Amino acid sequence: MTARTTTGIGDVERPRLGIDTRRYARGVGGLCIFLTVWWIGAATTQPSYLLPGPVESARAFLDLFTTSTALLVPLFGAEITLPTGIAHLTQTLLHYVPGLLFGAVSGAGFGLAMGWNGALDDWLRPLVRVLRPIPPLAWIVFAIVWFGIHHTGAAFIVFVGAFWINFYGAYGGVEGVSTELTDAASTLGVERDLSMLKLVALPSAAPQVLTGFRTSIGRCWMIVVGAELFGAPGVGYEIINASNNLAMATSVAYMFLISLAFLCMDVGFRLLERRVLAWR
């Protein structure tokens with residue numbers, strides 16, 4: 001909806017500030033359609049345990065927070081009792097967070113170096129092209145042999161996935177730095193290669209670097225479920241364990257728990273991203 005204001009030149013239409021309720025109504029409508037289709041599909045599927053309905057899944061989700069599970073804290077060797085969902089989510093975070101952070105930092109750093117240094121790019125590009133197509137989950141057998149069936153092995157799988165996503169985000173960002181910016185910086189006295197990287201390339205590539213990290217947040221949640229296939233404790237393992245026992249509603253509940261965790265992380269990172277890129 002718009003409001004008209006009169007100026008000396010003529011009438012100018014300005015948009016009113018406010019919430020666009022139509023967008024939220026569409027979102028709610030889409031969610032309602034999804035729940036309806038889900039409910040019909042569950043009601044017509046036999047045997048019923050193959051596809052639990054929204055109500056059964058919601059009950060299973062609530063059960064994750066009404067029951068308790070003991071969690072062993074690494075390094076300290078102490079046990080704490082937490083709601084079941086929080087305990088298993090914490091187990092996943094113990095290898096998700098280190099794998100994501102180490103993979104993001106090393107991948108972005110490697111991408112910045114290769115994108116900025118032509119000689120390094122020439123040396124390492126063939127190696128990158130050989131290793132990049134290998135899926136992160138293909139490294140599971142090596143993770144088991146090298147690190148064992150625990151958090152370290154699962155963190156390694158997440159690390160591989162985060163590394164390549166952030167590598168290409170940073171690599172593409174630096175490669176896309178405009179020559180006009182570097183020429184202008186040189187005119188203003190920025191001559192050293194390291195200074196040019198710090199003052200020109202990094203700020204210019206920052207949007208793509210941050211986009212790469214944000215993408216890896218979601219992708220690594222997908223990878224972590226596969227990383228727990230070989231027995232590492234966490235939400236992914238509980239999804240598989242519940243499905244093996246035909247407790248499909250519990251599997252759906254853990255799937256929604258992952259979705260909720262990702263949503264919180266994504267919203268938090270978007271707020272941080274806006275603050276970091278406020279200069280644009």
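Given the structure is predicted, the values throughout are model-derived calculations rather than measurements. Note that the numbering runs from 1 along the sequence shown for the chain.
With values rounded to the nearest 0.5 angstrom, Ile240 atom CD1 is found 9.5 Å from Glu238 atom CD. Atom CG of Leu210 sits about 10.5 Å away from atom OG1 of Thr215, to the nearest 0.5 Å.
The cluster map of Ile, Leu, Val, Met, Phe, Trp and Tyr, joined by side-chain heavy atoms under 4.5 Å apart, puts Val235 and Trp221 in the same cluster. Cluster annotation: Leu120 and Val128 are assigned to the same hydrophobic cluster (Ile/Leu/Val/Met/Phe/Trp/Tyr, side-chain heavy-atom contacts under 4.5 Å, transitive). Residues Leu64 and Val225 are members of one and the same hydrophobic cluster, defined by side-chain heavy-atom contacts under 4.5 angstrom among Ile, Leu, Val, Met, Phe, Trp and Tyr. Val141 and Leu137 fall within a single hydrophobic cluster, where Ile, Leu, Val, Met, Phe, Trp and Tyr are joined by side-chain heavy atoms under 4.5 Å apart, directly or via other members. When the side chains of ILVMFWY residues are joined at heavy-atom separations under 4.5 Å, either directly or via intervening members, Ile134 and Phe147 end up in a single hydrophobic cluster.
Annotation: side chain of His151 is in contact with side chain of Pro233 (closest heavy-atom distance under 4.5 Å). Counting heavy atoms from C-beta on, the side chains of Ile239 and Met255 come closer than 4.5 Å. The closest side-chain heavy-atom distance from Tyr237 to Thr92 is not below 4.5 Å.
Sorted by first and then second residue, the side chain to side chain donor-acceptor pair (under 3.5 Å) pairs involving residues 26-36 (not counting sequence neighbours) form an empty list. Among pairs with a residue in residues 135-155, none fulfils salt bridge (charged side-chain N to carboxylate O under 4.0 Å, His left out), at least two apart in sequence or across chains. Listed by first and then second residue, the salt bridge (charged side-chain N to carboxylate O under 4.0 Å, His left out) pairs involving residues 35-63 amount to none (not counting sequence neighbours). Sorted by first and then second residue, the salt bridge (charged side-chain N to carboxylate O under 4.0 Å, His left out) pairs with a member in residues 93-105 form an empty list; sequence neighbours excluded.
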Distance-only check: which donor-acceptor pairs under 3.5 Å involve side-chain atoms of residues 81-88, not counting sequence neighbours?
{"unit_1": "Thr84", "atom_1": "OG1", "unit_2": "Thr67", "atom_2": "O", "d": "3.3"}
{"unit_1": "Thr84", "atom_1": "OG1", "unit_2": "Thr67", "atom_2": "OG1", "d": "2.7"}
{"unit_1": "Thr84", "atom_1": "OG1", "unit_2": "Thr69", "atom_2": "OG1", "d": "3.0"}
{"unit_1": "His88", "atom_1": "ND1", "unit_2": "Gln91", "atom_2": "OE1", "d": "3.0"}

Donor-acceptor contacts, no H, no angles, side chain residues 256-271, under 3.5 Å, sequence neighbours left out:
{"unit_1": "Asp266", "atom_1": "OD1", "unit_2": "Arg214", "atom_2": "NE", "d": "2.8"}
{"unit_1": "Asp266", "atom_1": "OD2", "unit_2": "Arg214", "atom_2": "NH2", "d": "3.3"}

Do any side-chain atoms of residues 156-174 form donor-acceptor pairs under 3.5 angstrom with protein atoms, and if so which ones, sequence neighbours left out?
{"unit_1": "Asn166", "atom_1": "OD1", "unit_2": "Phe213", "atom_2": "N", "d": "3.3"}
{"unit_1": "Asn166", "atom_1": "ND2", "unit_2": "Ala162", "atom_2": "O", "d": "2.8"}
{"unit_1": "Asn166", "atom_1": "ND2", "unit_2": "Ser216", "atom_2": "OG", "d": "3.3"}
{"unit_1": "Tyr171", "atom_1": "OH", "unit_2": "Asp121", "atom_2": "OD1", "d": "3.1"}
{"unit_1": "Tyr171", "atom_1": "OH", "unit_2": "Asp121", "atom_2": "OD2", "d": "2.9"}
{"unit_1": "Tyr171", "atom_1": "OH", "unit_2": "Glu175", "atom_2": "OE2", "d": "3.4"}

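Every residue meeting the ring-ring contact (aromatic ring centres under 6.0 Å, His included) condition with Phe65, not counting sequence neighbours, appears here in chain and number order: Phe61. Remark: Arg132 pairs with no residue by the salt bridge (Lys or Arg N to Asp or Glu O under 4.0 Å) rule, at least two apart or across chains. Shown here are the side chain to side chain donor-acceptor pair (under 3.5 Å) partners of Thr250, two or more places apart in sequence or in another chain: there are none. In terms of the side chain to side chain donor-acceptor pair (under 3.5 Å) criterion, Trp139 has no residue partners (sequence neighbours excluded).
What you find for Ala253 and Ala60 is that their closest heavy atoms are CB-C, 3.7 Å. Between Glu228 and Gly234, the shortest heavy-atom distance links the atoms OE1-C, 3.4 Å. The two residues Asn241 and Asn245 have their closest heavy-atom pair at O-ND2, 3.1 Å. The shortest non-hydrogen separation linking Ala227 to Ala232 is O-CB, 4.3 Å.
Other members of the cluster containing Met222 do not exist, because no ILVMFWY side chain is joined to it at under 4.5 Å.
A donor-acceptor pair under 3.5 Å is absent between the side-chain atoms of Tyr254 and the main chain of Leu89, judged by distance alone.
Shown here is Trp146, whose CH2 atom has more than 12 heavy atoms of other residues, nucleotides or ligands within 6.0 Å.
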